*Asks:* 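I have a structure I would like to understand better, so I am pasting it below and will then ask my questions one at a time.
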Amino acid sequence: MPELPEVETIVRGLRDPLLGKRVVGARLRRKTLYRRGSLPLRRLIARTVVSVDRVGKNAVLRFEPTAVLLINLGMTGQLELWEAGAQSMGNPKHFHARVRFAGGTELRYFDARRFGHFYVAEACDLEQDLNIGPDPFIATPTHLRRVLYGRTAPIKSLLLDQRVLSGIGNIYADETLFLARIDPRTDGGEVLPNARRVLSSARTILNRAIDHGGSTLRDYRKHDGSKGGFQVHHAVYGREGEGCIRCGRAIHKIMLGGRGTHFCPRCQK
DNA sequence: AGCTTCGCCTGCTTGC
DNA sequence: TGCAAGCAGGCGAAGC
């Protein structure tokens, strides 16, 4: 599942190869992958990439003359950087879009479950149009306290809400709460005194994950087709029944807000 | 408004 | 062995 570390890894890999390149062809075959209000992908033809960044879990490419391409990978989206003459790594069965650049480089999009979204606009206010909050590297404890104040939903569910904090998905929500030693079922409003610890834990986990190129459970791949390495460092996610790395007690798995949630009942209060 | 559930979608896993 | 049901979940919509 491409969360912040996975998208950050992909974006870093795409930045140098794409900066300054001019689009000579672009096509998205499956219309359902467009986010509402998007211009067609071919609108990018004859424009040049001037920046490649990440906002929350989205990859954001900006162009001159003015245009912006926003890609959300959903659950199984893959961005492959393809060079002329190379073998494609993606499954052709799930090939949905390509952007061709002068010189022969292509950006290819694969997505088995098709939960991803493309959004093309002449200009856009990202935070407003995406309706997302700051990511954990940008957010302050004050911001977190403000958005959690009085909330009765479980903190785990609120960490998944991109309007509260952007970039965190199911894996890193569980890992963050383990490091912060907070029970995922705790009411959001009761976490206010620990907002600083939640934020610093999120940053620690996300930074570690980025250092390892993200977590590959099944589908996630970097831009060059290789896998991430952080999955072997998960403390709780996917470790139901195994021993807690801190106290040895079995990790529990419950459903919270419809999501599988992993935690140590002894270490997380 | 806030909280929860559902639907989208495919492929791997589980159970009969 | 084979088939059907179960499960995974990011995100937006719908229901309460």
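Chain naming here is simple, since letters A, B, ... match the order of the sequence lines and numbering starts at 1 in each. Since the structure is predicted, the reported quantities are computational estimates derived from the model, not experimental observations.
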*Asks:* Should the ring pair A:H96 and A:Y109 be called parallel, tilted or perpendicular, given that the plane angle runs from 0 to 90° and is split at 30 and 60?
*Replies:* tilted
*Asks:* Thinking salt bridges, do A:D53 and A:R15 make one under a 4.0 Å N-O criterion?
*Replies:* yes
*Asks:* Less than 4.0 Å between a side-chain N and a carboxylate O, is that true for A:D224 and A:K222?
*Replies:* no
*Asks:* If you look at every strand shown and take non-hydrogen atoms under 4.0 Å, does A:T76 touch a base, only sugar-phosphate, or nothing?
*Replies:* nothing
*Asks:* Has the side chain of A:E3 got a donor or acceptor atom that lies under 3.5 Å from a matching backbone atom of A:I171?
*Replies:* yes
*Asks:* For chain A and DNA chain B, what are the first and last nucleotides along the strand, 5' to 3', with at least one atom under 4.0 angstrom from a heavy atom of the protein chain?
*Replies:* B:dG2 to B:dC12
*Asks:* What range of DNA chain C does chain A touch, first nucleotide to last, counting atoms under 4.0 Å from its heavy atoms?
*Replies:* C:dA8 to C:dA13
*Asks:* How would you label the contact of A:Y237 with the nucleic acid (heavy atoms, under 4.0 Å): base, sugar-phosphate, or nothing?
*Replies:* sugar-phosphate
*Asks:* Base, sugar-phosphate, or nothing: which does A:G260 touch, judged by heavy atoms less than 4.0 Å apart?
*Replies:* sugar-phosphate
*Asks:* Is the A:F263 ring parallel, tilted or perpendicular to the A:H252 ring (thresholds 30°, 60°)?
*Replies:* perpendicular
*Asks:* Students often get this wrong, so: under 4.0 angstrom with heavy atoms, is A:R114 touching a base, only sugar-phosphate, or nothing?
*Replies:* sugar-phosphate
*Asks:* With the threshold set at 4.0 Å, does a side-chain nitrogen-carboxylate oxygen contact exist between A:D219 and A:R113?
*Replies:* yes
*Asks:* Here's a test of your reading of the structure: between A:T32 and A:R218, which maps to the more 5' nucleotide of DNA chain B?
*Replies:* A:T32
*Asks:* Going by the angle between their ring planes, with limits at 30° and 60°, are A:H234 and A:Y172 parallel, tilted or perpendicular?
*Replies:* perpendicular
*Asks:* Heavy atoms only, 4.0 Å cut-off, all strands: where does A:R163 land among base, sugar-phosphate and nothing?
*Replies:* nothing
*Asks:* Under 4.0 Å, counting only non-hydrogen atoms across every strand here, what does A:H117 touch: a base, just sugar-phosphate, or nothing?
*Replies:* nothing
*Asks:* Under 3.5 Å, is there a donor-acceptor pair between the side chain of A:N58 and the main chain of A:V60?
*Replies:* no
*Asks:* Examine distances only and state if a side-chain atom of A:E8 and a backbone atom of A:R54 form a donor-acceptor pair shorter than 3.5 Å.
*Replies:* no
*Asks:* When all nucleic acid strands are considered with a 4.0 Å heavy-atom cut-off, which category describes A:N72: base, sugar-phosphate, or nothing?
*Replies:* sugar-phosphate
*Asks:* By the 4.0 Å heavy-atom rule, please label A:K253 as base, sugar-phosphate, or nothing.
*Replies:* sugar-phosphate
